[in-house]
Amino acid sequence: MINFHPSTQQLDDFVAGNCEPTLALMISAHADMCSHCMAKCQQLQNIQSVGAMSDVPTDHGPDFSAMMARIVQMPSAPGLTTLSAKQASIELDGKQFVLPRALRPYVKKTGDWSRLVGKLWQAPVDMGDLGRANFIYMEKGGKVPEHTHMGTEITLVIDGQYSDGMAHYDCGDLTVLDGQHKHLPHSEADEGCLVFSIVDKPLFFTAGIARLLNPFSNLFFK
Amino acid sequence: MLVGIPLESTTNYTAKPIDCADEMSVHLTDIANSRSQKAFAEVFSYFAPRLRSYALKQMGNEALAMELVQDTMANVWQKSHLFDAEKGSPSTWIFTIARNIRFDLLRKQRNRKEDICADDLWPVLCEQTADVNEVALDHQVTLDEINIMFTRLPDKQQQVIEAIYLEGKSQQEVADEMNIPLGTVKSRTRLALQRLKEMLDE
């Protein structure tokens, strides 16, 4: 069951097209998995459109007739995008994971899986100027060493469950963490856990021998 | 934040719904069915000035605002068959098209690489939006099939597979519980997986 949703304010910004692109992407993917937030977005869209379209301009404005004449010369419906053309899942070790619609454009930009310490797998995703993203798979019993964030970490659970010492997260849960949070993600789910995570700065490991990793932390989850 | 302007909706929360929704729906259907320029003129003259006013508020630039009006109304003309009155009013549909175009315009203006686009975030103008469910259905069929195959395994193999793959026990735990040698658990697992693979290949 999904327990971690974007706030109403975040959904409102998302629907208006005003939230940061990375958060927008994650909210869009979350809404694909969460009928509750999908319905809420529809509602907000209705409300916002009334506000945005009810504003009758006071000035006369420009003459639109040339624009209209140009438009009606255009042919019908060119360049329609069909969703199904995009690859819908990623594979690790023979397991197929179906991705929410919003993440499908990134399948082609996902690099190879590499195995990390602690039963962890990571596949980097090239997000261009948006930040650094990874698919991270924790096998049952897999752990990410305790860390905090110098920037913001946005994580969406795509399959399975994990916990991090603060809460338990299920499929579809969306979390936004920053430097105030210190956590130790680990999965005890039989099927392990696949998450999609975007960070804008490297992690900062806070405990035990993992602190030795800090000088190299940009090698992890970058 | 892409723009520093507060959302209109927070102030206009109680704004009256647009009362010409039914009329505009009919016009959109006429455009879709018969490319009616007359119907388009009605939609255009109602929405173009409102879109310009929305765009001016959001982007504060006359040239960009007119680009947004043009692109939005061109989409309405070209893709009116994608409008579905069941899903929302014409003004909601047109607002979402404008919102998408504004998002892409602002990113283009900031010289961002094409790494994210509005249609992926808000699939407003897609032929089909139901494929998430279709995939789930395919997945379901496969699970059903696996379930049938599973019941075709000999009982002893079923027990071992169930304990290991559904209950997540280790092979040693299964051996202890069933009071059989570890080697037997291993061979039953191997035979069962081999049999399942054969059934999948059939």
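This one's a predicted model, so the numbers in the text were calculated from it and none came from an experiment. In the text below, chain A, chain B and the rest are named by the order of the sequence lines, each starting its count at 1.
Minimum heavy-atom separation, A:P62 to B:E62: CG-OE2, 4.2 Å. Contact detail for A:V15 and B:W122: the closest heavy-atom pair is CA-NE1, 4.3 Å. The heavy-atom pair separating B:R102 from A:G17 by the smallest distance is NH1-O, 3.9 Å. Closest heavy-atom contact between B:S91 and A:S49: O-CB, 3.7 Å.
Interface residue B:A41: backbone and side-chain heavy atoms are both found under 4.5 Å from chain A. With a 4.5 Å cut-off on non-hydrogen atoms, A:F14 touches chain B through its backbone and its side chain both. With a 4.5 Å cut-off on non-hydrogen atoms, B:V69 touches chain A through its backbone and its side chain both.
For the atom pair A:L25 CG and B:D120 CG, the distance stands at 8.5 Å (nearest 0.5 Å). Atom CG in B:L121 sits 8.0 Å away from atom CZ in A:R101 (nearest 0.5 Å). Atom OH of B:Y46 and atom CE of A:M53 lie 9.5 Å apart (nearest 0.5 Å).
At least one side-chain heavy atom of A:F64 sits less than 4.5 Å from a side-chain heavy atom of B:R52. Looking at B:F44 and A:I71, their side chains come closer than 4.5 Å, going by heavy atoms from C-beta outward. The shortest side-chain heavy-atom distance between B:F95 and A:N46 does not fall under the 4.5 Å cut-off. Put simply, the side chain of A:Q42 does not reach to within 4.5 Å of the side chain of B:T92, judged on heavy atoms. Taking the side chain as every heavy atom from C-beta outward, A:M67 and B:M66 approach each other to under 4.5 Å.
Counted by atom type alone, A:N18 and B:R99 present zero donor-acceptor pairs between their side chains at under 3.5 Å. At a cut-off of 3.5 Å, with distance as the only test, a side-chain donor of B:Q70 or A:R70 sits close to an acceptor on the other residue.
Ranked by heavy-atom pairs under 4.5 Å with chain B, the list A:M68, A:Q45, A:M127 is led by A:M68.
Between the B:R35 side chain and the A:V72 main chain, no donor and acceptor come within less than 3.5 Å of each other.
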